[in-house]
Amino acid sequence: TGRIDETMAIFSEDSFAKEWVEAIIRNTAPSRIDEIGVYAVSGESRAVNIHRSHKSNPAVAGKLKSLCIVDGDSSVAEDQAEGIIKLPGQVPESEIFNYVNSNLDTLAMRLAVALHLSSTKEEHVTGVVREVSLHNRDPHLLFSQVGIKAGLIPTNIVSSAFISLWMEGNLEQVKRIADFIEKGSIEAHAEKQNA
C-alpha cells in the first residue's frame, strides 16, 4: 500500500526537543523517518511515565518499541538499557544557541543563509544573536527573539537553522543519540519479526 507502520515511538519533554531529535533522525537515518514517531509530551515525568507504560504494556510493547529522550537537566537518570537517554547540555535551547553564539565568527554567514537572508547580512545576524544573548532571560524564547529582531523570521526557521549548525559541529553527540535510536530501531524490527 506504500504505507509504513511506525515501529518506534520516542517521547521527549517538549516541542524543541522533538524538533532536535527529528533533525538527528532526518540527517542520520532518513530511510527510517516514516517508521519513527517523535512525540512531545509536556514534561520529563510525563515522557518517562508514558515510555515506561508502553514498555510494560504487552499489547503495545510487541508492536511499538518505546524510547525516551529527556533534557540534560532532567532529574531522571540516563539508562540506555531502559531506553532513556539525555540530550547534551542542560537546557536544550541554551545548548544549541550557546554553541552557535560561541562560534559566530565562523558561522555567521551560514546562519544568515539558513535564516533565509542574504549572505551579506552576516553582520546584522551577528549583532542580533549577540544582543539576544545579552538580554534574554528565558531560554525558551531565544529563537523567537532572534527571529523578531532579525526581521520577523518564523521561530521554526530560526530553531532549525541553529540546530543544523549545532549538528554539523557536534558530530560525536549526534552519533551518540543516533546510535541510541538506531539500536532501538533494530530491536523494534527484530521484535516485529518475532511477533
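Since the model is a prediction, treat every value here as computed from it, not as a measurement.
- Residues Ile157 and His116 have side chains in contact (heavy-atom distance under 4.5 Å, counting atoms from C-beta outward).
- Here the side chains of Thr7 and Lys65 are not in contact, with every heavy-atom distance at 4.5 Å or above.
- Contacts classified as salt bridge (charged side-chain N to carboxylate O under 4.0 Å, His left out) and involving residues 11-20 (residues at least two apart or in different chains) are given here: Lys18-Glu22.
- For Asp179, the salt bridge (Lys or Arg N to Asp or Glu O under 4.0 Å) test picks out Lys175, with sequence neighbours left out.
- The side-chain heavy atoms of Leu111 and Val129, taken from C-beta on, include a pair separated by under 4.5 Å.
- Between the OG1 atom of Thr155 and the CG atom of Leu142 there is a distance of 11.0 Å, given to the nearest 0.5 Å.
- Every pair passing salt bridge (charged side-chain N to carboxylate O under 4.0 Å, His left out) that includes a residue from residues 37-60 is listed here, sequence neighbours excluded: Lys55-Glu82.
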Distance-only check: which donor-acceptor pairs under 3.5 Å involve side-chain atoms of residues 88-96, not counting sequence neighbours?
none

Using the side chain to side chain contact (heavy atoms under 4.5 Å, CB included) rule, take Phe97 and Trp166 through it: C-alpha gap first, then chi angles, then the decisive distance, then the call.
-> CA-CA 8 Å; Phe97 182 88; Trp166 179 90; over 6 Å; no

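- Applying the side-chain hydrogen bond (donor to acceptor under 3.5 Å, both in side chains) rule to Ser164 yields no partners; only residues at least two apart in sequence or on another chain are considered.
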Given Tyr99 and Phe162, is the ring pair (Phe, Tyr, Trp, His ring centres under 6.0 Å) satisfied, shown in steps?
-> CA-CA 9 Å; Tyr99 170 79; Phe162 274 75; 9.9 Å; no

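- Tyr39 forms part of a hydrophobic cluster together with Phe11, Val41, Ile50, judged by ILVMFWY side-chain heavy-atom separations under 4.5 Å.
- Listed by chain and residue number, Pro154 satisfy the side chain to side chain contact (heavy atoms under 4.5 Å, CB included) test with Asn156 (two or more places apart in sequence, or in another chain).
- When every heavy atom of Gly184 is checked against every heavy atom of Leu67, the shortest pair comes out as CA-CD1, 4.4 Å.
- Taken to the nearest 0.5 Å, the CG atom of Leu104 stands 4.0 Å off from the OG1 atom of Thr126.
- Under a hydrophobic clustering in which Ile, Leu, Val, Met, Phe, Trp and Tyr are joined whenever their side-chain heavy atoms come within less than 4.5 Å, directly or via other members, Ile33 and Ile177 fall into the same cluster.
- For Asn57 (side chain) and Ser53 (main-chain N/O), no donor-acceptor pair under 3.5 Å exists by modelled atom type.
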Evaluate the side chain to side chain contact (heavy atoms under 4.5 Å, CB included) criterion for residues Gln80 and Phe180: first the C-alpha distance (whole Å), next the side-chain angles of each, then the deciding distance (0.1 Å), finally the verdict.
-> CA-CA 7 Å; Gln80 291 195 24; Phe180 171 73; 3.9 Å; yes

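- Of all heavy-atom pairs spanning Val113 and Ser119, the tightest one is CG2-CB, 3.8 Å.
- For Glu123, the salt bridge (Lys or Arg N to Asp or Glu O under 4.0 Å) test picks out no residue, with sequence neighbours left out.
- The side-chain hydrogen bond (donor to acceptor under 3.5 Å, both in side chains) search around Asn136 returns Gln145, not counting sequence neighbours.
- Applying the salt bridge (charged side-chain N to carboxylate O under 4.0 Å, His left out) definition to pairs two or more places apart or across chains, those involving residues 128-148 are Asp105-Arg130, Glu131-Lys149.
- Ala40 and Ser15 get closest at one heavy-atom pair: CB-N, 3.6 Å.
- In this structure, CD1 in Ile10 is found 10.0 Å from CD1 in Ile85, a value given to the nearest 0.5 Å.
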Before giving the answer on side chain to side chain contact (heavy atoms under 4.5 Å, CB included), spell out for Glu6 and Leu64 the whole-Å C-alpha distance, their side-chain angles and the decisive distance to 0.1 Å.
-> CA-CA 7 Å; Glu6 271 187 15; Leu64 190 65; 4.0 Å; yes

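- Within the model, atoms CH2 of Trp20 and OG of Ser160 stand 13.5 Å from one another, a figure rounded to the nearest 0.5 Å.
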Pair Ile153-Leu117, side chain to side chain contact (heavy atoms under 4.5 Å, CB included): steps then yes or no = CA-CA 9 Å; Ile153 299 168; Leu117 299 171; 4.0 Å; yes

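- Its side chain within the 4.5 Å cluster rule, Val70 clusters with Val48, Val76, Ile84 among the Ile, Leu, Val, Met, Phe, Trp and Tyr residues.
- Between Ser74 and Lys86, the shortest heavy-atom distance links the atoms O-NZ, 2.8 Å.
- The minimum heavy-atom distance between Ser12 and Ala17, with the atom names listed, is CB-CB, 3.9 Å.
- Met167 is linked by a side chain to side chain contact (heavy atoms under 4.5 Å, CB included) to Ala23, Ile24, Asn27, Ile163, Val174, counting only residues two or more places apart in sequence or in another chain.
- Met109 and Val125 are not part of a single hydrophobic cluster, where members link through side-chain heavy atoms under 4.5 Å apart.
- Residues Val38 and Ile69 fail the side-chain proximity criterion, which asks for heavy atoms closer than 4.5 Å.
- A 4.5 Å side-chain heavy-atom check between Asn101 and Val132 finds every atom pair outside the cut-off.
- Of the inter-residue distances, the one linking Asp79 atom CG with Cys68 atom SG reads 11.0 Å to the nearest 0.5 angstrom.
- The CD1 atom of Ile36 lies 7.5 Å from the CD atom of Glu182; values are rounded to the nearest 0.5 Å.
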